Number of protein chains: 2
Amino acid sequence: MEQRTPGAGAGAGSRVLVVDDDPTVAEIVTGYLDRAGYVVDRAGDGPDALARAAAHWPDLVVLDLMLPGMDGLEVCRRMRGRGPVPVIMLTARGDEDDRILGLEVGADDYVTKPFSPRELVLRVGSVLRRARPAPAAASGLLRAGGLTVDPAARRATKNGAELALTIREFDLLAFFLRHPGRAFAREELMREVWGWDFGDLSTVTVHVRRLRGKVEDDPARPRIVRTVWGVGYRFDPAAGLGEE
Amino acid sequence: MEQRTPGAGAGAGSRVLVVDDDPTVAEIVTGYLDRAGYVVDRAGDGPDALARAAAHWPDLVVLDLMLPGMDGLEVCRRMRGRGPVPVIMLTARGDEDDRILGLEVGADDYVTKPFSPRELVLRVGSVLRRARPAPAAASGLLRAGGLTVDPAARRATKNGAELALTIREFDLLAFFLRHPGRAFAREELMREVWGWDFGDLSTVTVHVRRLRGKVEDDPARPRIVRTVWGVGYRFDPAAGLGEE
DNA sequence: CGGCTCCTTACGGAACGCGGACGTCGGCGG
DNA sequence: CCGCCGACGTCCGCGTTCCGTAAGGAGCCG
């Protein structure tokens, strides 16, 4: 049932570094991860782990807390010093202090010994999935010009800078981003953005003005939300950066 | 002090939540589990179960699939949303689909009605023993910004320092950590965190404020849990270190 | 130049979020 | 058994933010 490779989206072929001084444990873990479709590398102690990481930077590290020579926490710290990498710690059961320490150093998850290899595999997948920031695509994100509108987060940016928009302004901009290049009458906007079939159309005018004040480089000469005389307004997507 | 410990000695005094709308069934099950040395709590329906769980997080849940109002599967899902907890499902005999559904949602075991109470007790012990070394699969540790939330241990830290959160505050923070960067209406939070479809929304406001008081550097100018005017709140994961 | 459209500004009121405080319930310890 | 205390849900007053409307001026077109 759980035989599938992690190819279903999460980290197919991701490189996992397993660090454990116990050959038996390392062997078992390696085997399971390998069968799950990961590329696995092994290290027996701290220095070895750092060397391996230097040779091939891993996507995730499974790290035994108890290591000969260098402490697992130290390894974690050094690793983190070189670059951001998710870490799953293996700790002795019930050793609560160790777990807390691990979390402080920045472990992304922990598994207590003795553990089920299958569970470890699941957690590896989970952490990898979590570590991967939202792919931005398929998330309903709207982009045009230098503008970005995220309906889910209710955030809008222009050239990376956050815009402080009110509800109406945000909805208005989002609507424009969804229908670029088309001209809309004020009545249409009132219906689509406000959800009203009646009302003072100057409301739309004023809100367009306010939006321009926050979005346009020069609100006096709008290039993004253009006026279509005798009709209404049109969003011009090709007016992102300053060309003159 | 120890009344009577369960046979195998696993989970003496473990807290078991029994959810069944049939008073007779609940009574019998409660009786047996109680005599087996467990601390038993009872709930008659879904919302009740979630409320009980909020008050005292159980070590295991015995859950009837058929419940008035909220579906057993839904209860299971919500419960799992708050933290990893083993679940044993009670299903109608031969209702194969239900069993499959139950296992998919993440039940750790199931018992078909009519069932022998003694068998149920045995399974409870078994699941507890199995689940003990490490909380069952599914969600692990949550990290974002300088925050850490461990649903299994029900513990949260900020920059390594432990946070003294109440039940609601913890659930709220955990939910935010699970859905970073998205804006949620108060109604959604009320539904997802409280499990209510109605109620005074100012409750959410107040708890957000209390959470801010413990999480934010400057509660007056929140950077982690942000207010989205006219909409609700949003958890901002990129608010870890001090930038100004 | 006249009429219409659009821009700009200002303002009152409503909606909203926040902080503080209170009453209640349940748990815990004396 | 009783009293204390923390957590929770509710309520109220205040300050802020936002919205819709109105009115005067500027711009566009015939």
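From a predicted model like this one, the values you see are computed outputs, not experimental measurements. Letters go in sequence order (proteins before strands), and every chain restarts at 1.
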For this session: Apply ring pair (Phe, Tyr, Trp, His ring centres under 6.0 Å) to His179(A) and list each qualifying residue two or more places apart in sequence or on a separate chain.
Result: Phe175(A), Phe184(A)
For this session: On DNA chain D, reading 5' to 3', which nucleotide is the first and which the last to sit with an atom under 4.0 Å from a heavy atom of chain B, could you check?
Result: dA7(D) to dC18(D)
Exercise. Given that Gly230(A) and Arg212(B) both sit by DNA chain C, which one's nearest nucleotide is further toward the 5' end?
Worked result: Gly230(A)
Exercise. Got a sec, which residues hit side chain to side chain donor-acceptor pair (under 3.5 Å) with Asp20(B), two or more places apart in sequence or on another chain?
Worked result: none
Exercise. Which of residues 190-209 of chain A sit near DNA chain C, with a heavy atom under 4.0 Å from it?
Worked result: Thr205(A), Val206(A), Arg209(A)
Seminar exercise, completed: For residues 203-228 of chain A, the ring pair (Phe, Tyr, Trp, His ring centres under 6.0 Å) pairs (sequence neighbours left out) are Trp194(A)-His207(A)
Seminar exercise, completed: The side chain to side chain donor-acceptor pair (under 3.5 Å) partners of Asp197(A) (sequence neighbours excluded) come to none
Exercise. Looking at residues at least two apart in the chain, or sitting in another chain, which of them share a side chain to side chain donor-acceptor pair (under 3.5 Å) with Asp200(A)?
Worked result: Ser202(A)
Exercise. Looking at residues at least two apart in the chain, or sitting in another chain, which of them share a side-chain contact (heavy atoms from CB on, under 4.5 Å) with Pro86(A)?
Worked result: Leu60(A), Asp108(A), Val127(A), Ala131(A)
For this session: Grab the CZ-C1' distance between Arg226(B) and dC18(C) for me, whole Å please.
Result: 17 Å
Problem set entry | Spacing of Leu211(B) atom CG relative to dG17(C) atom P, expressed in whole Å | 17 Å
Exercise. For Phe170(A), which contact category applies under a 4.0 Å heavy-atom criterion: base, sugar-phosphate, or nothing?
Worked result: nothing
Problem set entry | Partners meeting ring pair (Phe, Tyr, Trp, His ring centres under 6.0 Å) with Phe235(A) (sequence neighbours left out) | none
